[in-house]
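Just so we're on the same page: letters track the sequence lines, and every chain starts at 1. Keep in mind that what you see is a predicted model, and the values were worked out from it rather than measured.
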Amino acid sequence: MTEEIIIAGFGGQGVLSMGKILAYSGIMQDQEVSWMPSYGPEMRGGTANVTVILSDDRISSPVLKKFDTAIILNQQSMDKFESDIKPGGTLLYDPNGITRHPERDDINIYKIPGAALAAEMGNPKTFNMIILGGFLNVKPIVKIENVKKGLEKSLPERHHKLIPLNIEAIQKGIDSVETVVAL
Amino acid sequence: MTEEIIIAGFGGQGVLSMGKILAYSGIMQDQEVSWMPSYGPEMRGGTANVTVILSDDRISSPVLKKFDTAIILNQQSMDKFESDIKPGGTLLYDPNGITRHPERDDINIYKIPGAALAAEMGNPKTFNMIILGGFLNVKPIVKIENVKKGLEKSLPERHHKLIPLNIEAIQKGIDSVETVVAL
Amino acid sequence: MTATTEINNIISEENLVYKKTSVLLDNEMHYCPGCTHGVIHKVIAEVIEEMDIQDKTIGVSPVGCSVLAYNYLDIDWQQAAHGRAPALATATARLMPDKYVFTYQGDGDLASIGCAEIIHACNRGENIVVVFVNNAIYGMTGGQMAPTTLDGQVTATSPYGRDCGSTGAPMKISEMVSLLPGTRFVTRQSAETAGAVRKLKKAIRKGFENTREKKGLSFIEIVGTCSSGWKLSPTQSNEWMKENMFPYYPLGTLKDE
Amino acid sequence: MTATTEINNIISEENLVYKKTSVLLDNEMHYCPGCTHGVIHKVIAEVIEEMDIQDKTIGVSPVGCSVLAYNYLDIDWQQAAHGRAPALATATARLMPDKYVFTYQGDGDLASIGCAEIIHACNRGENIVVVFVNNAIYGMTGGQMAPTTLDGQVTATSPYGRDCGSTGAPMKISEMVSLLPGTRFVTRQSAETAGAVRKLKKAIRKGFENTREKKGLSFIEIVGTCSSGWKLSPTQSNEWMKENMFPYYPLGTLKDE
Amino acid sequence: MAKFKGAIVVDTEKCKGCGLCVVSCPTAVIELARGVNGKGYHYAHMANPDACIGCSSCGLVCPDTVITVYRAKAS
Amino acid sequence: MAKFKGAIVVDTEKCKGCGLCVVSCPTAVIELARGVNGKGYHYAHMANPDACIGCSSCGLVCPDTVITVYRAKAS
Amino acid sequence: MGDVRLMKGNEVIAEAAIRCGCDGYFGYPITPQSEIMETLMIRRPEEETGMVVLQAESEVAAINMVYGGASCGKKVMTSSSSPGISLKAEGITYLAGAELPALIVNIVRGGPGLGTIQPAQSDYFQAVKGGGHGDYKLIVLAPASVQEMNDFVDLGFELSFKYLNPAMILSDGVIGQMMEKVELADYKPRWTDEEIEKISGSWATNGKKAGSERNISTSLDLDSAKQEVFNHKLQAKYRAMEENDVRYEKFECDDAEYLFVAYGSSARICQKSVELAREKGIKVGLLRPITLFPYPTKQIQEMLGQVKGILSVEMSAGQMVEDVRLAVNGKVPVEHFGRYGGIIPTPEEVVEALEEKILGK
Amino acid sequence: MGDVRLMKGNEVIAEAAIRCGCDGYFGYPITPQSEIMETLMIRRPEEETGMVVLQAESEVAAINMVYGGASCGKKVMTSSSSPGISLKAEGITYLAGAELPALIVNIVRGGPGLGTIQPAQSDYFQAVKGGGHGDYKLIVLAPASVQEMNDFVDLGFELSFKYLNPAMILSDGVIGQMMEKVELADYKPRWTDEEIEKISGSWATNGKKAGSERNISTSLDLDSAKQEVFNHKLQAKYRAMEENDVRYEKFECDDAEYLFVAYGSSARICQKSVELAREKGIKVGLLRPITLFPYPTKQIQEMLGQVKGILSVEMSAGQMVEDVRLAVNGKVPVEHFGRYGGIIPTPEEVVEALEEKILGK
Ligand SMILES: Cc1ncc(C[n+]2csc(CCOP(=O)(O)OP(=O)(O)O)c2C)c(N)n1
Ligand SMILES: Cc1ncc(C[n+]2csc(CCOP(=O)(O)OP(=O)(O)O)c2C)c(N)n1
Ligand code: SF4
Ligand code: SF4
Ligand code: SF4
Ligand code: SF4
Ligand code: SF4
Ligand code: SF4
Ligand SMILES: [Mg+2]
Ligand SMILES: [Mg+2]
């Protein structure tokens, strides 16, 4: 199994840490992983994206042009990455702020109202975990227990009390995916 | 005609400027010339030597291993350069301070008491011109008039008054060479 | 007359009292919200406009957040290697003695890597203006310690607070260069209030006037903020600056000859 | 008793009052006759001997006439790139805090190319001794102008006399570094008379004692001569130094904390 | 009552919502908007326009020079 | 009369004839020799040995540390 | 299995330094590698192992601090990115000239000049041919994974002390900024004074021992005859490295008819390109030089009976390709494909380049 | 015939600078080239032509002064020797990255590190492959006579302004310290402001003209896509240099069966070796690259039908030989002979090396 994922959005949306937790979860189930951010100029702000790969085998390129899955969280990223999904691949997006919805018909497309749900949960920081949950619904490549272990490993001890909230958010995400196109 | 000369002695003996005047004289008679000093560490003192070439043709290497003529003014230089004279070539030396006289029998050897004559002239600065005169006796490769022109060209205006003294010293040198070995 | 109509009446050309100078380009500045660099850029631009020297001014930008200063001021610019702006300015001012040459440098750029260049330019008394933005941190590279970082200040390379015992005391550059005979005007300013901005402008203007009179080097330090590096909001940053920076880096003119 | 026999009587082990310390090697120094470097080497060697720290002292030699200092003092040495001795000494002192580390630097090395390194080492208060030999010229490279060259002084790169208007005033390094909180002891000495040599020795000893007590940086400037660069005899050089250097670089201790 | 009446125009799209103008205003004219501009910043606006005396403080301190200030004799 | 009598030994081969010892001697003991050593320098020597008081001045200022100084109570 | 983490390449360099018993780090911030020093500062090794971590006033000061520390027989290192490495050129040649062991990390960014902060491999020449003056070589290691960022710190010091020669880790923002699974090494204690005496006593300037000669750390010899002899010694050392310490890796080379040669992050991309090309039926393999100096010249030559063409893939305008050509010496066509100035090639375009430049021939 | 003098190579550089209308020299003393600045100071060009001559506080400051001066559209230069050039590495890549014309003189001495002050050619790689980071090239001129020291100052500026690229004169103490007959050029006046406007108005930062765009001298582009485009532009420029501005000289090549390739002072020595070898009946010629970049690759290739072997002679451990090999690409044997660390080979030993390494095969 090899899953090549791009996660893309705004700087503050927790894109990088979502990728990191996913990668850590992969390690917890003994997979090879890579996490490759695009790092911007020596300045603040702007967009952020990260390529995450989980595989049972040694990972070749951490930098990819084509992805199995794209998780897209703003319009700019939609414009940039929609065409980079492999035919038959998967696109998951949060419609919030999206002005031009995806147009391809050779991929699976899912929606998840992450921003809305995070607001509902009263904690905008749960946003990225909700999205992660959405992803795990359509591609259950890591087990929730391994995500939990990943969180334990990656969060500093003093933040461990937040793990239940995170798991709750992931569960919410799992439950909230809407299929747009299923091949 | 090509004449390849090494002039070697102590730092203060005027070795470099003798070479320079010789080279300038060559230019005055439309020859090609090169003047290549050995330059020592970033420090004062020690020995000095210069390779001077005069030629009717373009000069190839300014750095040589074998010389037509060696003008040798101290023991160290004798030890270093005696063997570098081409067979049939010429060695001119000032016996002052020389403890081991030259031993080769396949070259022409001449002595000139430069230091003694300079003392006689009451001006140690004439030393190198006396030696130059000695050289011009055994190898009249430049005309005295061209040496004079060379001096005019190379000395700053304010030192031109010294030219007659220099020419006198050269003449003294021409007159004071003693043949040791003539092939 | 409603409030709105009244406002609309006021907003008319003849009542204009403050607007952006045309020496400032329309390019949006890449600086973080509240960054002092923006205010300083503006003030320099205003002075250039007022003195009518746009065609005679050459700016030398550093490596630091203000590396892209050339995108904002509509004058000729040279972008210097990190710390070396005074060397560029030296040559530029000597080769074109009728021009106004200024360097614009951060504290990392000027006080750390560029220490030798600024001291020697000051000592030689180059006929330039040095605009020195002291925000007590390396803004551009993500908030590392600078030579001017305060005792105990947390930065990316002093995560437990600067330990002056092992890294030295924050350097008072203006005090240092004011000792060198080559400097003619050394002043320390700030830019957090309207009054401070007005004073700063006077200082910068004086610097350029010194250039015109070939007086030598004018050194204008501006104590500023870096909200990103300090991890405070812009307004909190100003408060922190007043509380912590001003006592150590007292404002005022150190030398005016 | 003839004079000779009397002398022979005096010349005996028990009457010995001054001889070369064994920390000085027998290698003949490459310095020009009368060069101050020789005197300073000797004094350092004597202090090392007296403090019995030959096995704990590491010298850092510069690029300058004293580049080969390692040939003369029988201790471990590091030969630094031009101007960078304080950087080497910083690492050495921090990695081996129980050692005595000193730099030995000329005025070109320390004040010109190495300006940033010395200022930052002083500012950090590294636990080292800096021996700064100010002979107002670049000796090694054939007598070019140094930052400390006096106004009007003729050198190879100021053949008509230094023009301070365009090259800046001679830099007073000791004054400058004494302002930095990291320096504990800053003094300016000379070595042209027996008295001066004795004072210099006290100063150097104090520097090494400061190292022992982990007090921080001791900066010892020695105003010296360079007869080759100055184109004077050694004795004329001393006179020139007293007449011209001492008024501008006054001897004495600037800081002792 | 103030001798002058003032007004400011904020280029809201370019405003970065730093709030420095807010604290610089001697008469508490300016507030940051609830809403955000295209870049996501809570831009500055005249919340209390009547109080404006056209002193230019806000304009002077604005790092992005997005404030234009007008002033007229109070009528 | 001086309370001490002194004497110096110059390592003449290593002396560079700089003359600094000459001018440093309070009692004018030292002169530079007419002759030269192997390196061509006019080396220092005790020209006026009786005057030496063994004060070490010459030794201290000698850059090449080629002077050894002895001192004894004047007899 | 030891301590397994998900970490960035840059962070791992810091962690590996602490664990391998490094004595001192001296650096100056520059993107994209400031995390190395930042991680060290957060880790506070001065309290744990006694390691000294100092932010220098500049890259020039940092490399000369390294020279000082290395002279003491200590394991010391620095890191920077392209412009900072250029500033260190004089210090680096001094280290080589004084035969001092030290580790220098270059997380390359796009040049020339201030350039961009994005990844590049355009400092190959500088690292391998000598950015500084004189005939010297660095031992150059090119990690292609976060694990190797870990491993090569220790390896770099090992080789560096073996040959008394500075070593460089030549990497870029791809490896520096990426996270992968890494198994951290166990802690090695820092060398004691006694160990240093044993290992480096003959040259370390840590205080002259009574009864033995003083040690001097210098690159100067004003006597050019001696300087030439010294240079011969250096050259002999470099030949020994070429003999004994070439490191490389091969992928899918057994049946390869074509060959990629690529190092570091480009090699990772080419691995994917090998997969993609083989899906298309093109039998291509990859030879990855791990040591860029000493270079796997022989290993490339051994492939020449088998392959019909070689594509050197680098994030540069064509630098390593010269070493490939020098190895191949005209026997088969060698071409270069590169993206540069901060652009990373995609695995797909590498395959296209192979088809166009090598198969198309 | 113009003004004929007997002068040292170093002095001639200074004289030529004044005469060719150079606007500024910024340097720092270092043997064996301090005479360049010293001669300028004695000549007082500030009074004669208005040229600025300034002793900088360091080589780093000097090269950055050059960057400032070059940015103004002025003809500016610096000179140094090996360690000083290493310190200039960052500044040099900035000049290349900002596309600025400037002249840099390196009078090479033996390395690595502080080395010796005697002549060497071991900075070839640094000059030609890039001492600084990033993909850039210098125009490198290698004079072999005092006359060329004179001529290449003007030529260096000419090429440098033609391509908006820094140029380097790569020489050594043999040429720098030797005196030969030299015909000095006539004085060219320094460019007026109007001329600068015409020549460099589109980029020189000498004050924004009303109505036209401001000029910016920078090597930065944070957008890597643009940075790559810029790099392509640089590469195209380098290819144009290779097309149009290769310079070289041939001696006795018409009937040559063997070839020396050598530059600068080595080429002078090899000229004598050609004479000596031909006395022995060995038909050897000499190809002397005058531009080291762009390199006379084609010209070497044109000799390949004719010669049976090539000896690259350099005062280094073997640097230029790589460019010879890259040109020859395996067609005939190429060997290297060098003395280094400050030692100059004799014409005789070069002939011996030819016999042993090439004829012996
Ligand atoms: C030679 C070199 N070293 C380091 C850097 C990285 N760098 C870029 S900006 C900077 C510091 C900026 O700090 P400062 O000068 O205080 O400016 P600020 O961003 O705070 O305005 C550093 C270290 C570089 N680009 N070049
Ligand atoms: C990087 C570098 N720049 C320049 C030089 C040449 N150089 C050698 S010594 C020296 C100056 C020496 O003067 P100073 O430091 O005053 O020492 P002194 O010889 O007067 O004791 C210079 C410029 C060098 N070796 N390395
Ligand atoms: S990082 Fe700091 S200095 Fe840089 S733009 Fe942001 S606030 Fe300003
Ligand atoms: S040149 Fe000057 S500093 Fe150097 S040894 Fe001679 S007198 Fe001393
Ligand atoms: S100061 Fe300027 S940028 Fe900041 S909030 Fe006010 S208007 Fe906006
Ligand atoms: S002009 Fe003055 S009163 Fe009006 S909003 Fe601005 S700061 Fe407030
Ligand atoms: S001071 Fe020393 S070197 Fe100088 S003359 Fe006297 S003994 Fe000789
Ligand atoms: S010891 Fe004193 S008195 Fe004797 S020679 Fe020396 S200086 Fe003169
Ligand atoms: Mg700053
Ligand atoms: Mg000096």
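- Of the listed residues C/Ser112, C/Pro181, C/Gly182, the one with more heavy-atom pairs under 4.5 angstrom with chain D than any other is C/Ser112.
- Side-chain contact check for C/Leu180 versus D/Met176: some heavy-atom pair is nearer than 4.5 Å.
- Between the side chain of D/His120 and the backbone N or O of C/Ala111 there is at least one donor-acceptor pair closer than 3.5 Å.
- Rounding to the nearest 0.5 angstrom, the gap separating the CD1 atom in C/Ile119 from the CD1 atom in D/Ile119 is 3.0 Å.
- With a 4.5 Å cut-off on side-chain heavy atoms, D/Ser166 and C/Arg94 count as touching.
- Interface remark: C/Ile118 contributes no atoms to any contact with chain D (heavy atom separation under 4.5 Å).
- Looking only at distances, no side-chain donor or acceptor of C/Asn123 sits under 3.5 Å from a matching main-chain atom of D/Met171.
- Applying the 6.0 Å contact sphere to NZ of C/Lys255 captures more than 12 heavy atoms from other residues, nucleotides or ligands.
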